[in-house]
2 protein chains.
Amino acid sequence: MSVSKTTPVAWQRTHSHGRCIDGAIDAAARICESRGIRLTPLRRRVLELVWGNCKPVGAYGLLDELKREHSSAAPPTVYRALEFLMEQGFVHRIQSLNAYVGCNDPGHSHKGIFLICNDCGDAVEIEDKGVANTIDRFASGLGFLLASQSVEAAGLCPGCQEA
Amino acid sequence: MSVSKTTPVAWQRTHSHGRCIDGAIDAAARICESRGIRLTPLRRRVLELVWGNCKPVGAYGLLDELKREHSSAAPPTVYRALEFLMEQGFVHRIQSLNAYVGCNDPGHSHKGIFLICNDCGDAVEIEDKGVANTIDRFASGLGFLLASQSVEAAGLCPGCQEA
DNA sequence: TATAGTTACGATATAATATAACAAAAACTG
DNA sequence: CAGTTTTTGTTATATTATATCGTAACTATA
């Protein structure tokens, strides 16, 4: 088991978030360059906004932020950017929240587990090969060709249990 | 690993579905009685409709069906029934599809895994304690109080791989 | 540096999913 | 039966996501 180090567990977070954002953007830029694809200003900005929120954020939340500086922004603007960012693995979608979070370890495929606090709304991504491998085995045992997987758990984070 | 027997793997399904529905309704009725809660005609009917579709079905799909026989049905009608059915564990929500399926093993809490075919849209629930236990361990290791979990994998079922 | 091909973005409309709020009816409880 | 709780009816609206089509920007190749 390993909780991601690049984005410490949110409810243990004591650092300022700025460096995380910068690092994530830089990493994305490098990956795009190596893949020959374009991290356009718009896509970069949406990625920054995703990271700027410390919690999973909805598409329309991002849209509101984006509109302040980019008056032409409309729903497709955000959804296209998110689609791109998810395809490239820079952003994950939290299915149970209809919300998006930055991936703290882009560049290599990893099947994360999300722990989502029902109270504060924060989500933490955990890396684990065990769960992913188990699912892989189930799938291949049934002749099912796996394309993606989503593992989400909800409950109360330590901080919110006290309150 | 065990694929549920009460609802055989969909892409291996050769039986008529009627008995599954009846069995699921009967089981739900018995559970409701034992819990002292009401499986009203409306709730029962929605549960039947969920089962009547062999695949995950959206709330508005259910609503269309329900309207045919129940002209006063509106979105809240269906959503309330689904909420009840999910609380009682008779129905699961497939987060990645915004759709609902009958639970083939209600009555005792079980953390299922869903394999979802991106082509035919069918979903199969698999029971597995391993994945659930792994997630439990992660959570308690972090002091996270787990309330629910959702494990969904998408890909191509055997039948749809050929086509 | 033209120019054809591709990719990305703008702009509008609408689809699909879900909930709020309050009134009316039905079912339970003493 | 009267009071209470639960369920359903009804209307309106919120939230999330896509379709479509036109325009602009970038890319590659000559």
Side-chain angles (χ1 to χ4, degrees), chain A residues 28-29 32-47 49-50 53 55-88 90-101 118 121 150 152, chain B residues 28-29 32-33 35-47 49-50 53 55-88 90-101 118 121 150:
Chain A
C32 283
E33 187 157 9
S34 78
R35 290 179 185 166
I37 56 179
R38 287 188 284 161
L39 187 64
T40 64
L42 198 48
R43 290 166 173 173
R44 171 189 289 259
R45 189 70 189 113
V46 171
L47 182 56
L49 291 174
V50 169
N53 291 270
K55 301 177 181 181
V57 56
Y60 281 73
L62 292 168
L63 178 56
D64 288 342
E65 297 185 78
L66 192 60
K67 270 181 178 166
R68 288 181 200 143
E69 62 205 42
H70 194 92
S71 60
S72 70
T77 314
V78 167
Y79 280 103
R80 284 167 183 157
L82 287 172
E83 182 183 18
F84 171 86
L85 296 170
M86 285 191 290
E87 279 171 5
Q88 300 307 322
F90 303 152
V91 162
H92 290 298
R93 176 184 166 83
I94 310 283
Q95 307 278 7
S96 55
L97 298 177
N98 294 334
Y100 306 84
V101 287
N118 285 329
S150 155
E152 299 177 11
Chain B
C32 282
E33 186 157 7
R35 290 179 186 166
I37 55 180
R38 288 189 282 162
L39 187 63
T40 63
L42 197 48
R43 290 165 173 173
R44 172 189 288 260
R45 188 71 189 113
V46 170
L47 181 56
L49 291 174
V50 169
N53 290 270
K55 301 177 180 182
V57 57
Y60 280 74
L62 293 167
L63 178 56
D64 288 343
E65 297 186 78
L66 192 60
K67 272 182 179 165
R68 289 182 200 142
E69 63 206 38
H70 194 92
S71 61
S72 71
T77 315
V78 168
Y79 281 103
R80 285 167 184 155
L82 287 172
E83 182 183 17
F84 171 87
L85 296 170
M86 286 191 291
E87 278 171 4
Q88 301 305 322
F90 303 152
V91 162
H92 290 298
R93 176 185 167 85
I94 311 281
Q95 307 277 7
S96 55
L97 298 177
N98 293 333
Y100 306 83
V101 289
N118 286 329
S150 155

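Labels below follow one simple rule: chain letters A, B, ... track the order of the sequence lines, proteins then strands, and each chain is numbered from 1.
In terms of heavy atoms, A:Val46 sits closest to A:Ala81 at CG2-CB, 3.7 Å. Closest approach of B:Cys32 to B:Phe90, counting heavy atoms only: SG-CE1, 3.6 Å.
Rounding to whole angstrom units, CE of residue B:Met86 and C1' of C:dT17 are separated by 13 Å. Rounded to whole angstrom, the span from the CZ atom of B:Arg43 across to the C1' atom of C:dA26 amounts to 12 Å. If you take CD of B:Glu83 and P of D:dT8, they are 12 Å apart, rounded to a whole angstrom. Rounded to a whole Å, the NZ atom of A:Lys67 is 16 Å from the C1' atom of C:dC9. Atom CG of A:Asp64 and atom C1' of D:dA14 are 13 Å apart (whole Å). The interatomic distance linking A:His70 (NE2) with C:dA8 (P) rounds to 15 Å, in whole Å. Here D:dT8 presents its C1' atom at 18 Å from CZ of B:Arg44, a figure rounded to the nearest Å. Summarising the geometry, the separation between CG on B:Leu63 and P on C:dA16 is reported as 13 Å, rounded to the nearest angstrom.
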Protein-to-nucleotide contact annotation, 5' to 3' order, nucleotides 24-30 of chain D [B base; S sugar-phosphate only; - none; under 4.0 Å, heavy atom]:
--SS---

Whether each nucleotide of nucleotides 16-23 of chain D has a protein heavy atom under 4.0 Å at its base (B), only at its sugar-phosphate (S) or at neither (-) is summarised, 5' to 3', as BBBBB---

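In this structure B:Ser96 satisfies the side chain to side chain donor-acceptor pair (under 3.5 Å) test together with B:Glu152, sequence neighbours excluded. For A:Ala73, the side chain to side chain contact (heavy atoms under 4.5 Å, CB included) criterion is met by A:Leu63, A:Leu66, A:Lys67, A:His70, A:Thr77, not counting sequence neighbours.
Side-chain contact between B:Val101 and B:Val91 is absent, with no heavy-atom pair separated by less than 4.5 Å. Proximity of A:Ile37 to A:Phe84: side-chain heavy atoms (C-beta onward) are separated by under 4.5 Å at one or more points.
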Given side chain to side chain contact (heavy atoms under 4.5 Å, CB included), test A:Arg93 with A:Met86 step by step and report yes or no.
CA-CA 8 Å; A:Arg93 176 184 166 83; A:Met86 285 191 290; 3.6 Å; yes

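The line from CZ of B:Arg80 to CG of B:Leu82 is 12.0 Å long, rounded to the nearest 0.5 Å. Atom-to-atom distance recorded for B:Tyr100:OH and B:Leu49:CG is 14.5 Å, nearest 0.5 angstrom.
In this structure a side-chain-to-backbone donor-acceptor pair under 3.5 Å is missing from A:Asn98 to A:Ile94.
Rounded to 10°, the helix from C:dT1-D:dA30 to C:dG30-D:dC1 has 40° between the axis fitted to its first five pairs and the one fitted to its last five.
Listed by first and then second residue, the side chain to side chain donor-acceptor pair (under 3.5 Å) pairs involving residues 33-46 of chain A are A:Arg35-A:Gln88, A:Arg45-A:Glu48, A:Arg45-A:Glu69 (not counting sequence neighbours).
For the pair B:Ser72 and D:dT8, the criterion of a side-chain N or O lying under 4.0 Å from OP1 or OP2 is not met.
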